Structures are given as C-alpha cells and as structure tokens.
**Student:** 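Below is one structure. I have some questions about it.
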Amino acid sequence: MNNKQDLKSYTLTELRKIFEENGIKPFRANQVFEWIHNKNINIIEDISVLSKKLKSRIDNKYYIENIKILERYDSKLDGTKKYLFCLNDGNIIESVLMPYRHGNTACISTQVGCKMGCKFCASTKEGLIRNLSAGEIVDQIYKIQADQKIKVNNIVLMGSGEPLDNYDNVIKFLKIVHDELGINLGYRHITLSTCGLVPKIYDLANEELPITLSISLHATTDIQRKNIMPIANKYSLDEIIKACKYYINKTNRRITFEYTLINGVNDNKKDALKMYSLIKGMLCHVNLIPLNNIKEVEYKKSNNINIKGFADTLCQKGISTTVRREMGSDINAACGQLRNKYISQNQG
Ligand code: SAH
C-alpha cells in the first residue's frame, strides 16, 4: 500500500491524536473509527459522513486494511468453520469460528508462523514470517462476522503465533475490540494464550486489562518441558508460576493452564500429581487438550483411559478441570495445520 498507514490498526486514542496533528478535528476520528470498526467499512471513499475534501485528504496518507477470505471449510461434525485468509503481501493465515452454546467463539492468529518451536505444533514448523498488524488481527473477526452474518461473542488468541511475541500490536488489538465505538467486547470475553514469555506476562498484568490469561504449560518439570518447548530453556516453571500469581493478584482473574496430553510423554498419574503441586492454591482452571495428531510431528494423542485418569486425579484434588472437546477434526481445525496443507498443495 505504498507508504500509506493503516487506519484499522489505530486505537481510538491514537487516531484522535494523529488527526489532531494533521489539523483534523478529533470528533472526525470518532466517526472514522466507528465506520471502520462498527460499520465494517474498508474504503475511505465509503465513509459517507465525511466531506469529499476530507476523504481525499485522509486518502492521501492512509488506507484501511482489508484481508481476503481465500477458503472456508465447514465441519460437518460440529458447525466449526475454518477460514484461510490472504493478506496484502500474499501471506496466508487461518482462523476458526466455533459456535458454542454460550456464543460464537473466534480463534484468531497473531503472527504469520511462529518462532517458539513447540515440538507438537504445526504453526511453528517454518518459523516466524512476520507479526500481524493490529488491523490484520481485528479484521479476521470482522470478516468472519460479515461472512456468517453473526456477532462474535468471544475471542481466543490461540491461532497461529505467540501473542506476547507481538506484544504492542496485540495490546492495540485488545483496546480496539473493547472500544464502545467498535464491537465493544468485554475484556472478560477475550482469552490470550501464551507459551510463557515471563517478562511480558508482567507487562500484561500491569496493563490491567482483565482478559483471561491462558498458559500453555504442557509439562510439569523443566526437563520434561525443555524436551517439547524450547522456550523452557529461557524461563523455568517456577518463574512462570510466579508471574501467574502476580497476574492473578493484579487482575483478580482466574488463570487457565492448558495441558496438551501426549501419549507416553506427559500423561500419567505422576504427572497429574506434579501438576497439582505446581498450581495448588492458585485461582485457576485446567484445560486438558488431547493432542491433535498432525502429520508433521512424531507425537501421538493420549488414550482415553489416560486422559480420564489425568482429569480425575486433578478433580479429586479439588482443581477445576475440563477436557477440551475436539472441534472440527474433519477440517484440520488445529492451529497451523490447514495453512501448511494449503501451502504444500499450492506450491510450485
Ligand atoms: N502461542 C500461544 C498460542 C497458540 S497455540 C501458546 O503457545 O499458547 C494454542 C494452544 O494450542 C497452545 O496451548 C498450544 O500449545 C496448543 N497446541 C499446539 N499444537 C497442538 C496440537 N497439535 N495438539 C493440541 N494442542 C496444540
């Protein structure tokens, strides 16, 4: 887009500031913000509340991000819909819409690829390509809403990418979707999932945005964690737990620990008991995720006896625990799988 800046990536506060700097009245920023984020307008020319002159002044310096739906796959099993989006530079990202009883949940991406290198995850296989802008993150929601003619009620940042590795844009995104001139989503309806970038967990706590923080734990000792998650070489479990306690104190929000059960790696009763001693006494919830078998990795999903045994052990100890339902298993709905498949089929 030449050297033009994207209007969709600004928070309302930023937009008011840059309009003022350009000699445009700040109330115009409110109008532009509302038309972009509430009325889903993607072309400056279409903001009909502005004069022709003002539109052309804005158009000289700015554009509005507008990602394109490349493909949509509908699960016949559970109503899950998976989207592949094409970005302006030709990169591809994916998002998932899951219609739950308590509302429509969109799982969206924050980066193209990921550099965290978790051994069981398809998104990270080719490394990080680039961060998404706030506009590209939020546009996934708008495109899903427009395509399905629905309102998204919950957002989970659990698609491709590590949200805390794209910190500034993710914070902007949170402020944009929370804004009452935008889709006005409560922070409590947003979950951010991280593999545990400890300093950023402190930063996030200090923002005092009461979103749900979800930690991808997946192991109960540092040695075990290092085998499957390279980030464990940088931050220990003790440091993560300490940061989580700080987050809980600061926000008064319950943390979720995600734990992917991998056959023979982290799924026996001893692991469950170690998990209990790590997290006991904390305001938390455990979400057990049966591993999605993906062709890129050697790990396999735990069997049902171990999954149930793990959940029962934690429940008996008084830890609130759920086993995640597998959604969209017929459409490669787990992170990164679909993009990889699409790219390998369309290469060359
Ligand atoms: N980078 C963030 C968010 C993206 S992944 C994070 O690490 O939390 C969202 C969740 O799916 C994480 O808990 C991740 O570890 C998990 N995940 C990745 N690949 C998986 C797979 N093949 N099966 C089950 N869960 C997986």
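For ligands, and for the atoms within them, numbers begin at 1 and follow the listed sequence. Just so you know, these numbers come straight off a predicted model, no measurement behind them. Just the heavy atoms: all of them, side chains too, but no hydrogens, waters or symmetry mates, feed the values below.
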**Student:** Considering only heavy atoms, does Thr260 approach ligand 1 within less than 4.0 Å through its side chain, its backbone, both, or neither?
**Tutor:** side chain
**Student:** Pick one of side chain, backbone, both or neither for how His218 approaches ligand 1, counting any non-hydrogen atom pair under 4.0 Å.
**Tutor:**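 Near ligand 1, His218 shows its side chain, while the N, CA, C and O stay back.
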**Student:** With a cut-off of 3.5 Å and sequence neighbours excluded, list every side-chain donor-acceptor pair involving residues 239-246.
**Tutor:**
residue	atom	partner	partner atom	Å
Glu239	OE1	Ser236	N	2.8
Glu239	OE1	Ser236	OG	3.2
Tyr246	OH	Asn206	OD1	2.7

**Student:** Quick one: does Pro163 get an N or O within less than 3.5 Å of an N or O on ligand 1?
**Tutor:**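 No.
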**Student:** Check this for me, if you would: do Glu136 and Arg130 make a salt bridge, where the nitrogen-to-carboxylate-oxygen distance has to be below 4.0 angstrom?
**Tutor:** yes
**Student:** Say whether Gln316 and Tyr276, considering side chains only, have a donor N or O and an acceptor N or O under 3.5 Å apart.
**Tutor:** no
**Student:** Determine, for Lys308 against Asp312, whether the closest basic-nitrogen to carboxylate-oxygen distance falls under 4.0 angstrom.
**Tutor:**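 A salt bridge is present here (some side-chain N lies under 4.0 Å from a carboxylate O).
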**Student:** Identify, by atom number and element, the atoms of ligand 1 in contact range of Gly161, meaning under 4.0 Å from any of its heavy atoms.
**Tutor:** 1 (N), 2 (C), 3 (C), 4 (C)
**Student:** Select the closest option to atom 18 (C) of ligand 1 among Ser193, Cys121, Ser109, judged by heavy-atom distance.
**Tutor:**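 Considering heavy atoms of Ser193, Cys121, Ser109, the nearest to atom 18 (C) of ligand 1 sits in Cys121.
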**Student:** Quick one: look at Glu162 and ligand 1, take heavy-atom pairs under 4.0 Å, and tell me if it's side chain, backbone, both or neither.
**Tutor:** both
**Student:** Does Met116 come within less than 4.0 angstrom of ligand 1, counting non-hydrogen atoms of the residue?
**Tutor:** no
**Student:** Is ligand 1 under 4.0 Å from a heavy atom in the side chain of Thr194, in the backbone, in both, or in neither?
**Tutor:** backbone
**Student:** Can you hop from Leu181 to Val49 via hydrophobic side chains spaced under 4.5 Å?
**Tutor:** yes
**Student:** Is it true that Lys250 and Glu208 make a salt bridge, defined as a side-chain N closer than 4.0 Å to a carboxylate O?
**Tutor:** yes
**Student:** Any idea which atoms of ligand 1 are less than 4.0 Å away from a heavy-atom of Cys195?
**Tutor:** 6 (C), 7 (O), 8 (O)
**Student:** Go through the side-chain N and O atoms of Ser75 and Thr80 and say whether any donor and acceptor fall under 3.5 Å apart.
**Tutor:** no
**Student:** Can Arg16 and Glu20 be counted as an ion pair, charged N to O under 4.0 angstrom?
**Tutor:** no
**Student:** Heavy-atom contact under 4.0 Å between Gly159 and ligand 1?
**Tutor:** yes
**Student:** Is any N or O atom of Phe120, backbone or side chain, closer than 3.5 Å to an N or O atom of ligand 1?
**Tutor:** yes
**Student:** Is it the case that ligand 1 has an N or O less than 3.5 angstrom from some N or O of Arg324?
**Tutor:**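 In this structure, Arg324 places no N or O atom under 3.5 Å from an N or O of ligand 1.
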